[in-house]
Number of protein chains: 2
Amino acid sequence: MDRIDTSLIALRRILRATEMFGREITQSAGVTPVQFRVLQIIGETGQTTAKTIAQRMRVSQATVTSLVDKLVREGMVLREKSTLDRRQTNIHITPKGKKTLADAPDPLQQRFVRKFSAMEDWEQAMLVASLERIAAMLDAEDIDASPVLDTGDIKRASET
Amino acid sequence: MDRIDTSLIALRRILRATEMFGREITQSAGVTPVQFRVLQIIGETGQTTAKTIAQRMRVSQATVTSLVDKLVREGMVLREKSTLDRRQTNIHITPKGKKTLADAPDPLQQRFVRKFSAMEDWEQAMLVASLERIAAMLDAEDIDASPVLDTGDIKRASET
DNA sequence: GCATGATATTTCAACAGTCAAAGCATATTT
DNA sequence: AAATATGCTTTGACTGTTGAAATATCATGC
């Protein structure tokens with residue numbers, strides 16, 4: 001087994017881990033990864049608008065509407081017309097939604113951060129260098145990546 | 001911006017690159033990433049069975065049926081009952097399917113292999129070590145990853 | 001004050017991908 | 001031959017996704 005195979009396998013494990021995490025969520029939280037991501041965004045500030053979610057997730061507003069519909073049905077969030085700008089709808093999280101967020105399994109990102117922090121300085125440095133190298137190898141162009149790693153956040157970049 | 005952020009961003013770029021590649025395919029080849037993956041598997045040997053595809057992609061046979069349906073409709077592949085075991089159906093690729101494969105944009109994997117091969121020995125070693133480290137960080141358990149990196153291959157691992 | 005255009009959201013119709021369950025045809029085992 | 005196993009497709013359902021059209025509400029210019 002040469003280095004290329006070893007690398008490819010590792011890369012695939014990484015990709016797969018994000019998928020796996022998605023399923024953990026579905027099982028334990030009762031919402032799908034995408035829905036969970038919506039819930040996370042709403043949960044950050046307690047309430048937000050459809051537009052914001054659409055932008056953050058890089059999906060269309062129509063998609064957000066259907067996603068929020070499902071969360072409303074589950075009792076995780078509520079919709080309420082904004083009083084300031086009545087075109088807007090504030091979507092806010094319910095206690096049940098908060099509980100779902102709180103009870104969610106250790107997110108991938110946290111897992112990463114925790115283990116990364118525990119590393120020796122030299123190893124951290126090596127990892128950072130390697131990751132950047134690999135990212136550069138794979139993505140040809142500009143990416144407006146923010147420091148957030150989520151399943152469900154890795155989606156459409158249209159209408160940007 | 002600390003190392004954690006930098007790492008997370010790089011990781012996300014990597015994840016995103018696989019998504020992007022999916023869209024390149026859709027645009028230039030006229031098939032979706034998943035359909036393309038099916039085509040790839042069939043193309044490897046020129047013909048194969050539904051079961052094989054289902055196992056390789058880790059999806060149910062029902063899914064494969066619907067995917068192959070679409071490829072048949074597109075004229076990329078053909079179905080033909082096996083003469084040896086008439087329960088089986090051999091799915092084989094057509095010239096059009098071959099052309100689609102041949103004309104596809106540089107796959108992620110090739111891109112990776114090419115650039116990886118061009119690296120200095122020490123850098124390759126570092127990358128391999130880092131990738132394995134990261135993979136271990138993220139995936140808690142056993143993964144039967146084969147040395148194949150594809151969008152669309154990173155899917156359900158049930159019924160294994 | 002009100003017409004015009006911009007903005008925020010939802011509704012609708014349509015896909016792709018996915019699966020479980022059921023059905024069908026064919027092999028294999030007993 | 002009967003029972004069981006295997007390979008595949010059909011059916012019905014659900015999530016995620018979008019573009020286009022509909023609705024409601026600002027915001028501006030005149």
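Reckoned from all heavy atoms, side chains included, excluding hydrogens, waters and symmetry mates. Reminder, nothing fancy here: chain letters follow the sequence lines and each chain counts from 1.
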Restricting both atoms to N or O, compile the protein contacts to nucleotides 5-7 of chain C shorter than 3.5 Å, with distance only.
from   : atom 1 : to       : atom 2 : distance (Å)
dT7(C) : O4'    : Arg87(A) : NH1    : 3.2
dT7(C) : O2     : Arg87(A) : NH1    : 3.3

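- Taking 4.0 angstrom as the limit, Gln35(B) places a side-chain polar atom (N or O) nearer than this to OP1 or OP2 of dG17(C).
- Contacts between residues 62-71 of chain A and DNA chain C, counted as heavy-atom distances below 4.0 Å, involve Ala62(A), Thr65(A).
- When the options Ile53(B), Val38(B), Thr49(B) are evaluated for a side chain to side chain contact (heavy atoms under 4.5 Å, CB included) with Ile91(B), the one that passes is Ile53(B).
- With sequence neighbours excluded, the residues satisfying side chain to side chain donor-acceptor pair (under 3.5 Å) with Arg87(B) are Asp85(B).
- As a whole-Å value, the separation of Gln61(B) CD from dA20(C) C1' is 13 Å.
- Separating the CD1 atom of Ile53(B) from the C1' atom of dT18(C) is a distance of 16 Å, rounded to the nearest angstrom.
- With sequence neighbours left out, the side chain to side chain donor-acceptor pair (under 3.5 Å) criterion links Ser130(B) to Ser130(A).
- Taking only side-chain nitrogens and oxygens, Arg79(B) comes nearer than 4.0 Å to OP1 or OP2 of dT9(D).
- When each of dA27(C), dT9(C), dT18(C) is scored by its nearest atom to the side-chain atoms of Val34(B), the top-ranked nucleotide is dT18(C).
- Distance Asp85(B) CG to dA27(C) P: 5 Å, rounded to the nearest Å.
- From Gln124(B), atom CD reaches atom CZ of Arg133(A) across 10.5 Å, with rounding to the nearest 0.5 Å.
- Annotation: the span from Leu39(A) atom CG to Lys96(A) atom NZ amounts to 10.5 Å, rounded to 0.5 Å.
- Protein atom CG of Asn90(B) is 13 Å distant from nucleotide atom P of dG7(D), rounded to whole Å.
- You'll find the side chain of Met137(A) reaches within 4.5 Å of the side chain of Leu127(B), heavy atoms only.
- Taking atom CZ of residue Arg86(B) and atom C1' of nucleotide dG7(D), one finds them 13 Å apart after rounding to whole Å.
- Here salt bridge (charged side-chain N to carboxylate O under 4.0 Å, His left out) pairs that include residues 73-82 of chain A, with residues two or more places apart or in two chains, are Asp69(A)-Arg79(A).
- We find that CG of Leu39(B) is positioned 13 Å from P of dG17(C), with the value rounded to whole Å.
- Between Phe36(A) and Leu101(A), the closest side-chain pair of non-hydrogen atoms falls below 4.5 Å.
- Contacts of Thr63(A) classified as side chain to side chain donor-acceptor pair (under 3.5 Å), with partners at least two apart in sequence or in another chain: Ser60(A).
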